[in-house]
Amino acid sequence: MSAAAEVVPASLLRIDLGCGPNPQDGFDGADSIKFNDKVKHVLHIGRDPWPCADNSVTEAYCSHTIEHLSNHNDKWERIHFFNELYRCLKPDAGCMLIFPHWCSERFYGDPTHKEPMSEWFHLYLMRDWRMANAPHTDKKHVAHGYDCNFQTVIMNAENPQLANRNAEYRQYATTWYKGAIWDLHCTVIKRA
């Protein structure tokens, strides 16, 4: 996206970030590749400004995308992603994020994945937690740091082979066995 790209007005309600060729029904598709006409916005969501007005998005969706963004070599693409998401979402609006668990073969099978994600990442998205535990990651202390404040909920998407096992076994497996958790599902809600 060029610096002169047109900003989408507040009429934009829902956006599928990293949609690939098939954005969710009712969502505007955004991806770095123009797969087809369903991809309405072509940009690098980890580096470029997003084509959305402040507080204009009522719902966002992002499945199997943020693991393609880097947070090393001064790129801080994931932090840019979350800061832009925060800027674009309306207050109390949310985004469903789905990404492979760090210990899943689903992460390591794709050579375009940059860095794994753990169950801890979402804590950094909450300003109070971040300021108490990791202030060095906040924009107040570092120019490219987090400038967002989300309420978060994170859940495991377990290997389907665990579905018929009892809760005690499933808890043990997801704690100790590689491949027991396939994906993480995280909902983030914009807070003031």
Peer 1: Please name the pair of heavy atoms, one in P23 and one in G29, separated by the smallest distance, quoted to 0.1 Å.
Peer 2: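 It is CB-CA, 3.8 Å.
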Peer 1: Does T65 offer a backbone N or O that forms a donor-acceptor pair with the side chain of E67 under 3.5 Å?
Peer 2: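 Yes: the side chain of E67 pairs with the backbone of T65.
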Peer 1: Applying side-chain contact (heavy atoms from CB on, under 4.5 Å), run through V188 and L97 and close with a yes or a no.
Peer 2: CA-CA 8 Å; V188 297; L97 301 157; 4.0 Å; yes
Peer 1: With the side chain counted from C-beta on, respond yes when V142 and H136 share a heavy-atom pair under 4.5 Å apart, and no when they do not.
Peer 2: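 Side-chain contact under 4.5 Å: no.
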Peer 1: Could you tell me which non-hydrogen atom of K114 sits nearest to which non-hydrogen atom of L69, and how far apart they are?
Peer 2: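 Where K114 meets L69 most closely, the heavy atoms are CB-O, 3.7 Å.
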Peer 1: When hydrophobic residues are tied together by side-chain contacts of less than 4.5 Å, even through go-betweens, does Y108 share a cluster with L184?
Peer 2: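 No; tracing contacts between hydrophobic side chains, which count when under 4.5 Å, never links both residues.
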Peer 1: Assigning hydrophobic clusters by single linkage (Ile, Leu, Val, Met, Phe, Trp, Tyr; side-chain heavy-atom cutoff under 4.5 Å), is Y86 placed with W129?
Peer 2: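 Y86 and W129: one cluster.
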Peer 1: Where the side chain of N83 meets the backbone of G145, is there a donor-acceptor pair that is under 3.5 Å apart?
Peer 2: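 Indeed, once roles are kept as given, a pair shorter than 3.5 Å links the two residues.
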Peer 1: Can you check side-chain contact (heavy atoms from CB on, under 4.5 Å) on H68 and D110, steps first, answer last?
Peer 2: CA-CA 10 Å; H68 295 269; D110 186 334; 3.6 Å; yes
Peer 1: Would you say W50's side chain and I45's backbone share a donor-acceptor pair under 3.5 angstrom?
Peer 2: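 At least one qualifying donor-acceptor pair exists.
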Peer 1: Just wondering, more than 12 heavy atoms not from N166 lying within 6.0 Å of its CG?
Peer 2: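 Result for CG/N166: enclosed.
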Peer 1: Show your working on side-chain hydrogen bond (donor to acceptor under 3.5 Å, both in side chains) between H44 and S32 and close with a plain yes or no.
Peer 2: CA-CA 5 Å; H44 189 295; S32 62; over 6 Å; no
Peer 1: Does M117 belong to the same Ile/Leu/Val/Met/Phe/Trp/Tyr cluster as L123, with side-chain heavy atoms less than 4.5 Å apart forming each link?
Peer 2: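 Looking at the clustering, L123 is in the same group as M117.
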Peer 1: Consider only side-chain heavy atoms of I, L, V, M, F, W and Y, link residues closer than 4.5 Å, and tell whether F107 and F121 are in one cluster.
Peer 2: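 Looking at the clustering, F121 is in a separate group from F107.
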Peer 1: Quick one: does H64's side chain get under 4.5 Å of D183's, heavy atoms only?
Peer 2: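 The answer is yes, as the side chains (C-beta and beyond) meet within the 4.5 Å cut-off.
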Peer 1: Of all heavy-atom pairs between N36 and P21, which one has the smallest distance, and what is that distance?
Peer 2: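 That closest heavy-atom pairing would be ND2-O, 3.0 Å.
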Peer 1: For W102 versus E119, what's the shortest heavy-atom pair and its separation?
Peer 2: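 Smallest interatomic distance, heavy atoms only, reads NE1-OE1, 3.5 Å.
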Peer 1: With side chains defined as the heavy atoms from C-beta onward, is the minimum distance between D28 and H41 less than 4.5 Å?
Peer 2: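 Touching, per the 4.5 Å side-chain cut-off.
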Peer 1: Tell me whether R191 is salt-bridged to D92, with the criterion being a basic N under 4.0 Å from an acidic carboxylate O.
Peer 2: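 A salt bridge links R191 with D92.
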Peer 1: Just wondering, do H101 and E158 contact through their side chains at under 4.5 Å, heavy atoms?
Peer 2: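 A side-chain contact is absent here, since even the closest heavy-atom pair is not under 4.5 Å.
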Peer 1: Can you classify the ring geometry of F82 versus F150 as parallel (below 30°), tilted (30 to 60°) or perpendicular (above 60°)?
Peer 2: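 Perpendicular, since the angle between the ring planes exceeds 60°.
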Peer 1: If you round to the nearest 0.5 Å, how far is CG of D31 from CG of N22?
Peer 2: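 CG of D31 is found 11.0 Å from CG of N22.
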Peer 1: Which atom pair, heavy atoms only, marks the closest approach of S70 to E115?
Peer 2: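 What the structure gives for the nearest pair is OG-OE2, 3.2 Å.
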Peer 1: What's the separation between atom CD in Q151 and atom CD1 in I189, rounded to the nearest 0.5 Å?
Peer 2: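 If we round to the nearest 0.5 Å, Q151:CD and I189:CD1 are 6.5 Å apart.
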Peer 1: Counting C-beta onward and ignoring hydrogens, is there a side-chain heavy-atom pair between R14 and Y61 closer than 4.5 Å?
Peer 2: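 The answer is no; the side chains never approach within 4.5 Å.
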Peer 1: Please tell me whether I154 and W120 are part of a single hydrophobic cluster in this structure, the criterion being side-chain heavy atoms less than 4.5 Å apart.
Peer 2: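 Both belong to a single hydrophobic cluster.
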Peer 1: Side chains of K38 and C19, heavy atoms from C-beta outward: is any pair under 4.5 Å?
Peer 2: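 Heavy-atom side-chain distance check fails, nothing below 4.5 Å.
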Peer 1: Scan K140, K139, H80 and name whichever one has a side chain to side chain contact (heavy atoms under 4.5 Å, CB included) with D147.
Peer 2: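 Testing D147 for a side chain to side chain contact (heavy atoms under 4.5 Å, CB included) against K140, K139, H80 leaves exactly one candidate, K139.
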Peer 1: Would you say the side chain of H185 lies within less than 4.5 Å of the side chain of M96, judging by non-hydrogen atoms?
Peer 2: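 With C-beta onward as the side chain, the pair touches.
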Peer 1: Please indicate whether M155 has more than 12 foreign heavy atoms, meaning atoms of other residues, nucleotides or ligands, lying under 6.0 Å from its CE.
Peer 2: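 At most 12 heavy atoms, drawn from other residues, nucleotides or ligands, come within 6.0 Å of this atom.
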Peer 1: Would a 4.5 Å heavy-atom cut-off, applied to side chains only, mark F81 and L17 as touching?
Peer 2: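 Of all side-chain heavy-atom pairs linking L17 with F81, at least one is under 4.5 Å.
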Peer 1: Locate the shortest heavy-atom distance separating K190 from L89; write the atom from each residue and the value.
Peer 2: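 Closest approach of K190 to L89: NZ-O, 2.7 Å.
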